[in-house]
Amino acid sequence: MSGNDGGKIGHALVEFSLYGVFPDEDISSRRISVNDLAPALSSLATAKAKLESDIHNINEETAPDVNQWITNAKSLEDDINRTRSWANDIVRRSQAPDVSGKAIQEAEDKVEFLRREAEYNQQLHYALRSIKHVNELLDQVEQARDERRIIDSLHLLEKSWAALDAIPVSKSCRVMKLLDLRAFELKSAVHDVFDRIWDSLIQVDTENGKVAVFQTRRDEQMGLADAVVGLKAYKEVDQRMTSFWHRLDEAIVGPRTSIEAQELPSIRTEDSHLSLVGSADKTITSLFSDLDQVMTYLSERLPEELVYSLSNVMMPDLMPRVIGAWLDSAVPASLKEMDGFQEVTEAVKAFCNRLQSLKFSGFQELKEWVDDAPKVWLSKCRETALDAVRTKLAQGLGQSKEVERIETQTVTRSEGKELAANGVTSSNDDDGWGAWDDEETDTKGDTNTKPEGNEDDGTDAWGWGDDDGADKQPETALEQPQAEQSAEEDPAEAWGWGEEEAPEAAPEEPAAPAKPAPTSNSQTRELTLKETYNVSSMPDPVLALVSAVLEDAAFLVGSEGNPMAGVAGGLFSLPTLVLAMFRAVSPYYYSLNTGGNMFLYNDATYLSERLSDLTKNWKTREDLTPRATAMLRLDNDIKALQSFANRAYASEMSTQKTIIRDLLGGSQNLLQQDGLGTSELEAQVDNAIAHVRALAATWSTILAKSAWSQAVGSLVDTIAAKLVADVMDLAGIGQDEAYNIASLIARITELDDLFLPPDAPKDAIPTTAEYAGSWLRLKYLSEVLQSNLQDVRYLWMESELSLYFTVDEVVELIGLSFVDNARTREVVREIEANPQPLGPR
């Protein structure tokens with residue numbers, strides 16, 4: 001290795017030593033020989049010499065500063081030594097005082113000691129005299145106790161306790177402990193004597209129902225007035241009165257105020273005793289008469305302080321019992337029993353005045369009850385009415401009954417013919433129109449409220465508004481009702497809260513059609529329409545309850561002298577709560593019955609109609625005051641009931657449609673379910689058809705004919721729409737598959753017999769298509785699946801396929817069913833060239 005390489009090694013060693021720099025890879029990985037050490041050592045020696053030179057230069061530059069620091073440190077050390085010397089001198093002098101100062105201090109200490117000894121002797125003499133005085137007082141207490149002078153004993157005990165506290169001796173001293181123990185024993189002994197005297201003055205026999213209160217006793221020196229002093233001394237006034245009230249309640253008051261007892265005793269005052277004798281009736285006046293005797297007896301025989309203390313214990317227990325068990329049960333639920341209630345309020349007022357005159361207190365709750373008697377009566381009315389609704393619902397729907405709905409509409413000749421064609425019954429005897437329909441002589445009325453539904457919940461049973469198609473055979477479904485409401489019932493909606501701000505769409509009444517421009521055929525006439533449907537036993541009791549409440553409210557408005565007249569407004573608002581309770585609770589109870597939601601729809605509709613009639617009649621009544629007429633406000637409740645009926649109907653329809661869709665494969669394509677053959681598919685379709693027939697049979701005994709047709713038609717439409725959609729979703733349709741689908745459609749179309757009268761002839765045309773919008777789509781789909789190209793062309797160009805399928809849908813069906821060739825493309829082009837072969841719709 002050359003000298004140059006040795007210099008590099010030396011430089012690397014210097015850099016690592018001074019700065020910790022690790023050498024590069026080409027140097028650190030080299031193999032070092034003995035010849036390389038000399039140049040490296042030379043580099044290290046040169047670096048060492050340079051460092052020593054730098055240090056020497058630094059020392060020379062900082063030498064003056066270091067010398068100054070050394071000088072300051074020596075000066076500080078001298079100051080410390082001087083201070084330490086002064087401190088040692090001060091300590092030495094303080095430990096060696098002069099002899100004359102010490103003698104003076106000793107003399108002063110002796111004088112102070114003699115003074116304290118004199119004070120101690122004086123305190124000892126005073127303590128001994130105080131101890132003697134306390135002991136003499138306790139001797140006097142013992143003597144007064146033996147002589148049964150309780151008041152004197154208590155006074156002396158009070159003095160002894162004060163003297164004992166004034167003795168300037170620690171309580172832990174033995175003599176103080178002995179005195180304190182003797183005073184406590186005497187207090188207990190006096191208390192025992194006091195108890196015997198109190199028991200002789202206040203006697204309660206709970207077994208025989210007797211109470212005696214004596215102000216004095218011949219054999220006792222202490223009377224009842226003096227006993228108050230003793231009770232105060234022992235701080236037992238409230239305790240004694242609490243015990244006395246509990247025993248008095250057990251012996252006298254409790255048995256008399258127990259309304260559940262079969263026989264109630266009467267209270268009498270005989271020979272200074274208060275006792276239970278005979279029997280009493282369960283009237284309020286009789287109760288307060290007996291309680292009056294009790295209060296009078298206690299007020300006359302007890303000191304005023306004891307009466308006040310007894311009131312604080314007795315009234316919080318007695319007043320709620322009287323109000324809850326007796327007075328609240330006496331509140332009538334209607335005005336028919338109001339005379340008896342006024343007697344009750346008068347009796348309560350008289351009793352309150354009597355308690356006040358006897359200086360009892362704590363009966364504010366009873367005074368508030370009688371002052372708020374109108375509100376109490378209103379609360380009872382409210383409670384009774386709401387409980388009546390709950391009770392009636394809990395008893396079940398009961399026996400259903402058939403009700404009739406009649407409407408009068410003004411219609412034109414052409415509209416009348418449409419009504420006749422749709423099966424509407426007219427009750428008019430004259431036939432001023434000639435014959436609206438010569439073929440239909442026996443028609444049935446369709447006047448029930450049209451329920452609103454989601455998707456296709458039926459059609460307009462009246463056929464009004466279809467003037468454009470009056471001359472054509474009905475082939476398309478009529479206008480569908482509005483969307484169904486959610487099946488989940490909101491408790492807030494059940495109470496009708498917020499319905500003024502966001503009212504739900506109520507079922508529309510069959511409205512008179514818009515009148516056409518006057519022509520030679522635009523004559524009009526009034527047509528009375530009738531229809532029957534079934535309701536449960538619930539609406540009539542609710543209507544009777546609402547009517548009774550309103551009659552009572554109207555009577556109060558016209559009776560200003562009546563004490564309950566002030567709550568007439570609250571009574572007018574009670575029907576709203578009754579109807580809200582019905583809406584809130586009824587869904588549960590109705591759901592327990594088969595077809596319950598449809599009964600609920602009918603009942604709510606019936607209620608809204610009857611309440612609407614009641615409102616109209618109310619405004620025309622001449623026996624009501626203007627104020628009573630104006631205070632009736634049921635419009636929002638009627639709207640809430642109509643909305644509630646819609647929700648009940650929508651809930652049932654939504655549930656049944658979901659069930660039908662689940663029976664037909666749910667979200668899957670009915671025709672593409674894995675592992676299912678033709679027989680399984682037919683079984684699924686048969687199950688859906690059976691479910692529809694079962695519902696149709698159940699609802700036929702509940703709904704009106706029009707509502708039944710709409711509801712069942714909506715279910716049939718669900719089946720038809722599901723199968724049509726599933727066919728349109730297929731990727732291709734073979735000949736065998738087309739045959740199987742046509743077979744399934746044939747099974748479904750057997751539901752046509754539901755929409756035929758029982759005695760219909762064989763050639764009668766069912767009205768299924770009027771209530772199921774997809775029904776004719778399903779039938780034409782079956783025709784297309786069973787036809788060749790020429791037949792499909794005929795169905796589109798000559799028949800009515802274009803009324804139920806769009807061009808794109810028909811082209812898609814052709815693509816699914818036929819091979820793509822020149823003939824197929826020619827038919828497709830011809831169909832696309834004629835999108836409306838029958839003219840504009």
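Positions are given from 1 along the sequence. What you see is a predicted model, and the numbers here were worked out from it, not measured in a lab.
A donor-acceptor pair under 3.5 Å is absent between the side-chain atoms of S743 and the main chain of Y739, judged by distance alone. A donor-acceptor pair is defined here as one N or O able to donate and one able to accept, closer than 3.5 Å; no such pair exists between the side chain of E809 and the backbone of F805. Under the 3.5 Å distance criterion, the side-chain polar atoms of S612 are left unmatched by any main-chain donor or acceptor of S608. For Q656 (side chain) and M653 (main-chain N/O), no donor-acceptor pair under 3.5 Å exists by modelled atom type. Counting only distance, with no hydrogens or angles, the side chain of N834 and the backbone of P837 share no donor-acceptor pair below 3.5 Å.
Between N669 and Q673 there is no side-chain heavy-atom pair separated by less than 4.5 Å. Within the 4.5 Å cutoff, the side chain of K401 has heavy atoms near those of the D540 side chain. Side-chain contact between V716 and Y771: absent, with no pair of heavy atoms (C-beta onward) separated by less than 4.5 Å. The shortest side-chain heavy-atom distance between F599 and L397 falls under the 4.5 Å cut-off. Residues W796 and I814 fail the side-chain proximity criterion, which asks for heavy atoms closer than 4.5 Å. Contact check for Y533 versus W708: no side-chain heavy atoms found under the 4.5 Å cut-off. When side chains are defined from C-beta on, F582 counts as touching L607, because their heavy atoms get closer than 4.5 Å. You'll find the side chain of K779 stays beyond 4.5 Å of the side chain of I745, heavy atoms only.
Here I748 contributes atom CD1 and D686 contributes atom CG; the two are 9.5 Å apart, rounded to the nearest 0.5 Å. The structure places CD1 of I638 at 8.5 Å from CG of D613, a figure rounded to the nearest 0.5 Å. Here the OG1-NZ distance, from T718 to K657, works out to 4.5 Å after rounding to the nearest 0.5 Å. Interatomic distance, CD1 of I660 versus OG1 of T655, reported as 11.0 Å (0.5 Å rounding). Interatomic distance, CD of Q735 versus CG of N740, reported as 11.0 Å (0.5 Å rounding).
A 6.0 Å sphere centred on CD of Q399 holds no more than 12 heavy atoms belonging to other residues, nucleotides or ligands.
Residues S714 and Q710 bring no donor and acceptor atom of their side chains to less than 3.5 Å of each other. No donor-acceptor contact under 3.5 angstrom links the side chains of E680 and Q684, judged on distance only. Side chain to side chain, R647 and S643 meet the donor-acceptor criterion of an N or O pair below 3.5 Å. Side-chain contact annotation: Y590 with D603, donor-acceptor N/O pair under 3.5 Å present.
Ring centers of Y780 and Y804: under 6.0 Å apart, within the cut-off.
Shortest non-hydrogen contact noted between T605 and A645 is OG1-CB, 3.5 Å.
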Next item on the list: Please lay out, stage by stage, how N602 and I702 fare under the test side chain to side chain contact (heavy atoms under 4.5 Å, CB included).
Entry: CA-CA 8 Å; N602 277 357; I702 302 173; 3.5 Å; yes

Next item on the list: Could you go through the side chain to side chain donor-acceptor pair (under 3.5 Å) check for T576 and D637 one step at a time?
Entry: CA-CA 6 Å; T576 297; D637 299 309; 2.8 Å; yes

Next item on the list: For side chain to side chain contact (heavy atoms under 4.5 Å, CB included), just list the numbers for V792 and N788, CA-CA rounded to whole Å, side-chain angles, deciding distance to a tenth of an Å, and then say yes or no.
Entry: CA-CA 6 Å; V792 173; N788 54 34; over 6 Å; no

Item checked: Steps toward side chain to side chain contact (heavy atoms under 4.5 Å, CB included) verdict (L715, I719) -> CA-CA 7 Å; L715 300 182; I719 297 178; over 6 Å; no

Next item on the list: Show your reasoning for whether side chain to side chain contact (heavy atoms under 4.5 Å, CB included) applies to L801 and Y794.
Entry: CA-CA 9 Å; L801 179 61; Y794 171 79; over 6 Å; no

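By the 4.0 Å N-to-carboxylate-O rule, D717 lies too far from R777 to be salt-bridged with it. Salt bridge absent: R793 and E826 never bring a charged side-chain N and a carboxylate O closer than 4.0 Å. For the pair K722 and D726, the salt-bridge criterion is met [side-chain N within less than 4.0 Å of a carboxylate O].
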N/O donor-acceptor pairs under 3.5 Å from side chains in residues 816-823, not counting sequence neighbours:
unit_1, atom_1, unit_2, atom_2, d
S817, OG, L813, O, 3.1
D820, OD1, R825, NH1, 3.1
N821, OD1, R823, N, 3.2
N821, OD1, T824, N, 2.8
N821, OD1, T824, OG1, 2.8
R823, NH2, Q790, OE1, 2.6

